[in-house]
There are 2 protein chains.
Amino acid sequence: MKRDSRLSGVLHVLLHMAQQPGPFTSETLAKAMDTNPVVIRRIMAGLRELGYVRSEKGHGGGWTLACDLSKVTLRDVYAALGSPSLLAMGNRTEAPGCLVEQAVNAALDQAFHDAEALLLSRLGEVTLAMLGADLRKRLGSRKIHDMSAHRA
Amino acid sequence: MKRDSRLSGVLHVLLHMAQQPGPFTSETLAKAMDTNPVVIRRIMAGLRELGYVRSEKGHGGGWTLACDLSKVTLRDVYAALGSPSLLAMGNRTEAPGCLVEQAVNAALDQAFHDAEALLLSRLGEVTLAMLGADLRKRLGSRKIHDMSAHRA
DNA sequence: CCATCATGTAACATACAAAGTTACATGAAA
DNA sequence: TTTCATGTAACTTTGTATGTTACATGATGG
């Protein structure tokens with residue numbers, strides 16, 4: 001399956017933003033992620049609705065963090081994306097008449113549900129602040145790849 | 001994400017086959033699953049290679065179970081399909097130079113790995129024989145939708 | 001031997017979602 | 001009023017599962 005990388009992408013953006021004061025334009029963020037500004041706006045839209053970030057138009061505009069990073073978990077971010085399906089596999093038919101299919105679904109659903117629950121739980125344990133702390137550990141004294149260079 | 005239903009499909013086929021003696025042609029099985037014979041052959045190919053089923057050409061040919069159903073788990077069947085990816089989400093970049101991305105990947109990988117491991121473990125706990133037993137419980141005294149009707 | 005049946009497989013078509021792109025409207029700042 | 005930046009619709013591209021067609025291979029029955 002082609003894998004959905006929106007969560008990975010949006011976390012990357014948020015973590016970048018947490019490293020220096022904003023605001024950041026979609027174009028700046030897009031360059032850092034090697035993608036398109038519209039893609040950035042797309043994945044950030046849900047976060048804006050939930051109040052995790054703000055966006056301003058015009059000169060000096062762009063995206064700004066608007067939440068307590070120690071209060072927002074990866075699960076919250078996932079939810080802000082619209083809770084896309086976590087598993088690549090699913091049942092052939094969701095509400096089958098065939099008893100064979102029902103038996104198969106029951107067995108798979110059990111396993112699928114457990115795995116999804118664990119994943120969500122794990123995502124709920126990690127806050128953006130924790131991610132930031134981990135990043136700073138990795139950075140040591142070095143600077144991250146400097147986005148201000150892009151901001152001419 | 002569009003979900004991969006091959007595991008669900010192949011289990012359906014195997015369970016059908018376990019209910020009555022074979023052999024079953026790809027066309028018969030395809031009709032029961034409301035799909036195409038070639039699709040059946042495709043998902044059964046891996047099982048044949050691992051010896052879980054056999055196939056014969058010509059008159060009276062078709063697919064036959066060739067394993068001890070109490071020894072084969074859903075995980076084995078999954079592996080026979082080529083172990084397609086279980087999760088619908090993944091990292092944007094697998095081996096990034098950017099430290100921000102590395103921090104994000106590390107956090108997500110942890111959660112992803114745990115969920116995959118749990119799912120595989122759960123699948124490993126269920127044998128085809130157990131699925132069959134559950135099916136017979138659901139059947140009660142009724143017959144499953146009768147494939148022999150299709151076999152003229 | 002040959003017609004029929006069934007698998008094996010390549011090749012192509014279809015469906016669908018994420019990701020990328022283009023275009024333009026909206027609104028804010030200089 | 002020009003410039004910048006977001007907001008969003010519409011379209012293109014890409015990747016994968018799924019569906020389909022076509023034909024080769026081999027087994028069975030006459």
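Order of the sequence lines fixes the chain letters, A, B, ..., with proteins taken first and strands second; residue numbering starts at 1 for each chain. Nothing here was measured: the structure is a model prediction, and the numbers come from that model.
Checking side-chain atoms of A/Tyr52 against main-chain N and O of A/Ala80 turns up no donor-acceptor pair under 3.5 Å. A donor-acceptor pair is defined here as one N or O able to donate and one able to accept, closer than 3.5 Å; such a pair exists between the side chain of A/Asn105 and the backbone of A/Thr93. Under the 3.5 Å distance criterion, the side-chain polar atoms of B/Ser8 are matched with a main-chain donor or acceptor of A/Arg92. In this structure, the side chain of B/Asn36 does not engage the main chain of B/Ala30 through any donor-acceptor pair within 3.5 Å. A/Asp68 places a side-chain N or O within donor-acceptor distance of the main-chain N or O of A/Ser70, the cut-off being under 3.5 Å.
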Atom pairs under 3.5 Å, N or O on each side, protein against nucleotides 28-30 of chain D: can you list them with distances?
none

Pairs under 3.5 Å (N/O, protein and nucleotides 11-14 of chain C):
none

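The side chain of B/Ser55 contributes an N or O atom lying less than 4.0 Å from OP1 or OP2 of C/dG8. For D/dT6, the OP1/OP2 oxygens have a side-chain nitrogen or oxygen of A/Ser26 closer than 4.0 Å. Contact annotation: A/Arg41 side-chain N/O to D/dT8 OP1/OP2 distance is not under 4.0 Å.
With rounding to whole Å, B/Ile40 atom CD1 is found 16 Å from D/dT21 atom P. Between B/Leu7 atom CG and D/dA17 atom P there is a gap of 13 Å when expressed in whole angstrom units. Rounded to whole Å, atom P of C/dA18 lies 10 Å from atom CE of B/Met89. Remark: P of D/dT14 and CZ of B/Arg92 are 18 Å apart, rounded to the nearest angstrom. Summarising the geometry, the separation between CE on A/Met44 and C1' on D/dT8 is reported as 16 Å, rounded to the nearest angstrom. The CZ atom of B/Arg6 sits 12 Å away from the P atom of D/dG19 (whole-angstrom rounding). Atom CD1 in A/Ile43 sits roughly 13 Å away from atom P in D/dT6 (whole-Å rounding). If you measure from atom CD of A/Glu49 to atom C1' of D/dT6, you get 14 Å, rounded to the nearest angstrom.
What you find for A/Pro23 and A/Gly62 is that their closest heavy atoms are CB-C, 3.9 Å.
If you check every strand for non-hydrogen atoms under 4.0 Å, B/Arg54 touches nothing. Among the protein residues, B/Arg48 comes within range of the sugar-phosphate backbone only, with heavy atoms under 4.0 Å from sugar or phosphate atoms but none that close to a base.
The end-to-end axis angle of the helix from C/dC1-D/dG30 to C/dA30-D/dT1, rounded to 10 degrees and based on five pairs per end, is 10°.
Looking only at atom types and distance, the side chain of B/Thr25 has a donor-acceptor partner in the side chain of B/Thr28 under 3.5 Å away.
Here A/Cys67 contributes atom SG and A/Leu65 contributes atom CG; the two are 6.0 Å apart, rounded to the nearest 0.5 Å. Summarising the geometry, atom CE belonging to B/Met33 is positioned 7.5 Å from atom OG belonging to B/Ser5; distances are rounded to the nearest 0.5 Å.
Taking only side-chain atoms of A/Asn36, from C-beta outward, the nucleotide of C/dT22, C/dA18, D/dT21 with the closest atom is C/dT22.
Hydrophobic clustering of Ile, Leu, Val, Met, Phe, Trp and Tyr side chains at less than 4.5 Å, counting indirect connections, keeps A/Leu119 apart from B/Leu118.
DNA chain C is contacted by both B/Glu27 and A/Ser5; B/Glu27 maps to the nucleotide lying nearer its 5′ end (nearest heavy atom per residue).
More than 12 heavy atoms of other residues, nucleotides or ligands sit less than 6.0 Å from atom CD of B/Glu116.
The side chain to side chain contact (heavy atoms under 4.5 Å, CB included) test with A/Leu131 is passed by exactly one of A/Leu15, A/Leu14, A/Thr73: A/Leu15.
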